[in-house]
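Just below is one structure, and these are the notes that go with it.
Heavy atoms only: backbone and side chains are in, while hydrogens, waters and symmetry mates are out. This structure is a prediction, so every number in the text was calculated from the model and none was measured. Every number for a ligand or one of its atoms is a count from 1 in the order of the listing.
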Amino acid sequence: MDLREEITTIKGIGDKTAACFAKLGIHNVGELINTFPRDYIFYGEPVDIKDTKIGVRNVVCGMVYSYVDVKRVRSLKIVTMTVKDSSGTLKITWFNQPYLKNLFHKGETYVFVGEIKIKNNMRVMEHPEYYKQGEYESMRQELQPVYPLTKGLSNKTFQKAVRSARSAYLNLKDYIPVEIRNENNLMELTESYENIHFPMNEEILKNAIRRTAFDEFYRFLYELKILKNENIKLSNSHRIVQGKAVSEFIQSLPYGLTKGQQQAIEDILADMGGEDVMNRLVQGDVGSGKTVVAAASLFACAKEGFQGALMVPTEVLAKQHYDELSKLFLHFGIKVCYLVGSTPIKEKRRIYEEISEGSIDILIGTHALIEDKVEFKNLALVVTDEQHRFGVNQRNRLASKGDYPHVLVMSATPIPRTLAIIMYSDLDISVIKELPKGRKPIKNCVVGTNYRNTAYRFIAGQVAEKSQVYVICPMVDTSDTMDLTNVIEYTDTLKEALPPEVVVETLHGKMKADEKNEIMQRFLDRKIDVLVSTTVIEVGINNPNATVMMVENSERFGLAQLHQLRGRVGRGDKQSYCIFINGKEDDEEVTSRLKVLEDSNDGFFIAGEDLRMRGPGDFFGIRQSGDMQFNIADIYNHADMLRLAQEILDKHSDTVVPDVVESIKQINI
Ligand code: ADP
Ligand code: MG
């Protein structure tokens with residue numbers, strides 16, 4: 001079986017299933033086998049109902065002893081039943097799956113697997129997996145892969161498809177010579193594929209994940225190296241020498257710059273006025289004020305008579321940057337424009353024209369900037385904000401719209417310096433260490449679930465003082481309807497808990513882009529008091545009036561990710577607060593990990609602590625750099641593999657050539 005063959009050539013996959021796979025970005029065999037499980041489940045021995053643990057996954061074997069009931073509550077159809085074993089009883093519920101009613105029969109015994117909650121003093125399992133007893137026996141004691149899914153595509157179908165495509169990866173030839181593998185304890189390539197999909201046991205799985213992470217890093221660094229060789233010391237054909245004008249611009253700001261901001265701007269001006277084309281990363285913690293650094297650079301570029309572009313990952317962020325820069329440049333006669341996917345076609349045409357004739361100085365936007373129709377007259381500087389959201393390729397595509405323009409990327413991902421140097425080896429780095437003066441440090445608390453009501457009262461108090469609030473619910477997987485129900489249900493709970501005049505709204509990943517934009521805009525316009533959201537909450541959004549962030553089930557997030565989320569508050573003069581609800585209070589390891597957030601507001605310190613606390617052995621850690629273009633590799637969890645990949649590339653780049661490159665799923669393009 002060839003990697004490029006369409007997925008419909010696999011036995012049992014028809015057009016309908018293929019359409020589901022397509023939604024996940026899987027079209028051919030290569031993409032299928034390179035889509036790895038997002039988790040593995042161990043199906044253990046059932047426990048007595050009275051011994052089940054709250055808030056974690058339990059396996060229970062029980063007899064249905066009530067009638068199966070379907071109730072309607074608002075827009076939800078709820079299926080409930082009660083099961084019992086010799087030790088106690090358990091309520092089981094499903095939302096919006098009324099057909100399940102006919103699957104269960106009073107008096108029969110089933111195995112249920114799911115998380116247990118306490119509701120009205122009863123143990124409740126919501127949305128459990130269910131098995132007939134015999135069926136469960138046959139899969140017990142095995143590690144079962146859990147794939148990313150979408151509506152209409154079951155985990156069983158996914159597993160079967162991968163199994164049928166096995167020959168595709170068994171034919172692969174390992175690009176790493178056996179001596180190098182042995183020397184560094186790297187598993188052989190086909191073995192790693194086999195075990196990442198169908199692990200023999202946990203130990204072997206760890207090694208398979210390790211090898212796969214290595215491959216992803218190696219491929220990335222290899223491409224970067226080629227890129228770097230191509231770009232080496234390109235001579236600067238856009239000399240920008242505007243130190244004096246930039247000083248004036250800085251004078252016009254309503255605040256003085258921090259040392260880090262000043263230094264970054266100095267570095268940038270030196271680059272742009274120097275011999276070679278600039279390739280620079282500005283790395284600064286959330287809230288450190290990177291936007292104004294980008295603004296000063298674009299200002300210099302426009303003053304020199306060239307065009308500049310600023311690309312960001314979301315429309316809301318683009319709009320916000322546009323508003324901010326228009327304000328800053330108001331008295332300087334610089335024309336700023338804004339282009340996003342949802343810009344009306346007529347206006348787009350006008351913008352295309354003005355860009356090509358050069359009457360627009362600075363263009364701000366999303367991916368829309370890299371469309372073919374956008375042609376600049378004399379593009380000299382390309383800035384990407386929240387760079388980790390874009391692949392190296394996208395950055396290059398924007399740059400290719402000019403004649404080797406200067407490239408500036410901004411990132412808030414707090415990667416420890418040693419790793420940043422590897423990840424961004426094609427860039428020079430400026431770091432903004434401090435936050436603007438006068439910021440009150442965020443007050444943090446990590447608390448148990450019994451603190452919720454106190455938190456709600458606190459939120460009501462802050463809203464009464466005209467502040468705004470973010471509440472974050474975890475969304476483990478975008479295809480998981482259960483999490484969606486959680487967010488919507490949670491919004492209802494919150495509405496009941498808060499005074500009626502408080503405006504509570506929901507934002508989640510399933511919404512259409514313009515619906516999301518509209519809600520974000522209303523939040524920025526202070527028409528929404530409390531925004532309940534999954535982590536889709538826009539990166540980089542700046543609402544200085546938001547003073548509280550409450551994160552539910554914070555144990556499900558990585559520290560670096562929580563720190564990023566927290567960066568949405570503490571952006572103004574008012575005191576801000578962050579409440580991390582810990583759903584696993586009795587787990588000491590979890591609790592001490594979260595405590596790091598209480599002790600520090602410093603992203604780099606937190607990232608370092610996180611790295612230290614998990615140690616390199618923890619391959620099941622929560623993915624934190626999920627926005628970078630890797631399937632499995634995570635710079636935090638697999639820091640050692642990143643270093644190894646760099647080491648092998650330095651020594652053996654002539655002989656160790658990753659030849660599977662083109663067949664691999666290209667994410668982020
Ligand atoms: P980030 O680095 O997260 O992108 P922003 O650029 O959005 O941060 O800046 C956050 C807020 O801080 C903005 O409201 C901005 O106006 C403000 N700000 C930036 N630099 C300074 C400074 N030197 N002094 C005071 N406020 C500043
Ligand atoms: Mg920003």
* D573 CG: over 12 foreign heavy atoms closer than 6.0 Å -> no
* Side chain, backbone, both or neither: T291 near ligand 1, heavy atoms under 4.0 Å ->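 Near ligand 1, T291 shows its backbone as well as its side chain.
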* **Structural part of Q261 in contact with ligand 1, heavy atom criterion under 4.0 angstrom** =>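 Side chain only; the backbone of Q261 stays clear of ligand 1.
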Using heavy-atom distances only, which candidate in [options] approaches [atom] most closely?
atom	options	result
atom 3 (O) of ligand 1	A294, P544, G287, P254	G287
atom 1 (P) of ligand 1	R439, K290, Q320	K290
atom 23 (N) of ligand 1	P436, G256, G289	G256

* By number and element, which atoms of ligand 1 are closer than 4.0 Å to a non-hydrogen atom of L257? -> 23 (N)
* To do: Could you list the atoms of ligand 1 found under 4.0 angstrom from a heavy atom of N542?
  => 13 (C), 14 (O)
Donor on one side chain, acceptor on other, [X] and [Y], under 3.5 Å:
X	Y	value
E324	T291	no
K466	N545	no
H238	N378	no
E515	N517	no

* Does the N or O separation between V286 and ligand 1 drop below 3.5 Å for any pair? -> no
* To do: For ligand 1, find out whether one of its N or O atoms is nearer than 3.5 Å to an N or O atom of R571.
  =>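 Between R571 and ligand 1 (N or O atoms, distance only) the closest approach is under 3.5 Å.
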* Sub-4.0 Å heavy-atom approach of S288 to ligand 1 -> yes
* Asked: Do F523 and Y470 make the cut of ring centroids closer than 6.0 angstrom?
  -> yes
* Pair listing, salt bridge (charged side-chain N to carboxylate O under 4.0 Å, His left out) test, anchored in residues 248-271, at least two apart ->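 Every pair satisfying salt bridge (charged side-chain N to carboxylate O under 4.0 Å, His left out) with a residue in residues 248-271: D267-R280, D271-R280.
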